[in-house]
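Everything quoted here is computed from the prediction, not taken from an experiment. Every number for a ligand or one of its atoms is a count from 1 in the order of the listing. We use all heavy atoms of the structure for the numbers below, so side chains are in, but hydrogens, waters and symmetry mates are not.
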Amino acid sequence: MGQAGWKGLFQSLFDYKTEKYVVAKNKKVGLLYRLLQLSILLYLVVWVFLVKKSYQDIDTSLQSAVVTKVKGVAYTNTTALGERLWDVADYVVPSQGENVFFVVTNLIVTPNQRQGTCAEREGIPDGMCSQDSDCRAGESVIAGHGVKTGHCLRVGNLTRGTCEIFAWCPLETQSRPTEPLLKEAENFTIFIKNFIRFPKFNFSKANVGQMDNRDFLKSCRFSSKNRYCPIFRLGSVVRWAGNDFQDMALEGGVIGIHIEWNCDLDKDASECNPHYYFNRLDNKHTTSVSSGYNFRFARYYRDPDGVEFRNLMKAYGIRFDVIVNGKAGKFSIIPTVINVGSGLALMGAGAFFCDLVLIYIIKKREFYRDKKYEEVRLVGLTLMVQGGWSPA
Ligand SMILES: *[C@@H]1O[C@H](CO)[C@@H](O)[C@H](O)[C@H]1NC(C)=O
């Protein structure tokens, strides 16, 4: 590059370039442009800022602790157990008051089981036999209840029977329940205490906050009219989850109690309140074989001779899972600037669209196109070097 070239480049450093606009005096396109601007502005103000609150910084990492307490008693009178009163220690498992707990609603009790020999239950393929050699001593029955003793027990003169086993005898009675034992569980209540914290904003709250009034907590029940009472009747929870309590109590199931905190921390802390909703988490439409929820446990005793025996219980019931989630938002300058910036950029989309209409769609497009795009042809390289423009 010659000396003149360097000089030109140096001078152009101090040039300010500004854009030149073409004003199209076209009412239709002008109106379209204003309409587009207006709708983009509305979208930004109403949806992005007012509805989505995108001027806020969001914290979704909710920290939460749940403490539960079930209350209620039930009275039963059955042949297996006699007269019995059931209180919390009997029917809530585990008893610590965690966010997942099980309320027993139905029981099949097999009392006085002792270690001994008895016949394996019918219908277990590996336990069927027709002679002693079918029951190899010391082998356990696959999917059965004990270890084979080597004898085949046949009733009367039937050709097939079941192996004798060493097990907890007598075996559990295999009857399906027809009605729940603890019907009264419908009227039991759960008190759910939930403490939350949003670490980003160092904001803590509990769902029992302002209710210092002890009498209120003693008598209130959660309902659509009483949304800030954290005491729930089991029957209502199951009903709100779309199920019938007595139906569910029979074979068991899992209910989700969801607590959702959706807080706008630009407002007062008292406006930050939980919302509750309920659903059934296990699918009751699966095949009848696998539906419901049950597990077994046993209570062990010794008789006066020191021999151990136990009462086996197959407990059916409803498991409640308290699930907490939420988010909090608070004004912050960075998301505000970012969203205003991207909003302004979106305004450019209106101009782009109107340009398309102006140049390609309307009748006088040729005229506008000529005005907008000025055709310039470079005549000779020398012109540039001379640093000026003159018609060749
Ligand atoms: C629950 O309580 C109500 C009223 O206190 C009573 O009418 C109802 O029979 C009770 N339900 C059960 C299953 O005991």
What atoms of ligand 1 come within less than 4.0 Å of a heavy atom belonging to E186?
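Heavy-atom distances to E186 below 4.0 Å select 13 (C).
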Taking only heavy atoms of E184, which atoms of ligand 1 are found under 4.0 Å from at least one of them?
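Near E184, the atoms of ligand 1 are 14 (O).
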Under the 6.0 Å and 45° cation-pi test, does R114 pair with W168?
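That pair does not qualify as a cation-pi contact.
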Distance flag for atom 7 (O) of ligand 1, protein heavy atom under 4.0 Å
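No, because not a single protein heavy atom sits under 4.0 Å from atom 7 (O) of ligand 1.
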Looking at atom 13 (C) of ligand 1, what's its closest protein heavy atom, distance included?
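The answer is K183 O, 3.6 Å.
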Give the residue and atom name of whichever protein heavy atom lies nearest to atom 1 (C) of ligand 1, and the separation in Å to one decimal.
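In this structure, atom 1 (C) of ligand 1 has N187 ND2, 1.4 Å as its nearest protein heavy atom.
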Test applied, ring-ring contact (aromatic ring centres under 6.0 Å, His included); reference residue, F232; option that passes from Y276, Y277, F188, W240
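With F232 as partner, ring-ring contact (aromatic ring centres under 6.0 Å, His included) holds for just one option, Y276.
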Under 3.5 Å, side-chain donor or acceptor atoms of residues 7-23 against the rest of the protein: list the pairs with distances, not counting sequence neighbours.
from	atom 1	to	atom 2	distance (Å)
S12	OG	L9	O	2.8

So, are K148 and D126 salt-bridged, with charged N and O less than 4.0 Å apart?
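Between D126 and K148 there is a salt bridge, with a charged N closer than 4.0 Å to a carboxylate O.
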For residues 54-86, which residue pairs qualify under ring pair (Phe, Tyr, Trp, His ring centres under 6.0 Å), counting only residues two or more places apart or in two chains?
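For residues 54-86, and leaving out neighbouring residues, there are no ring pair (Phe, Tyr, Trp, His ring centres under 6.0 Å) pairs at all.
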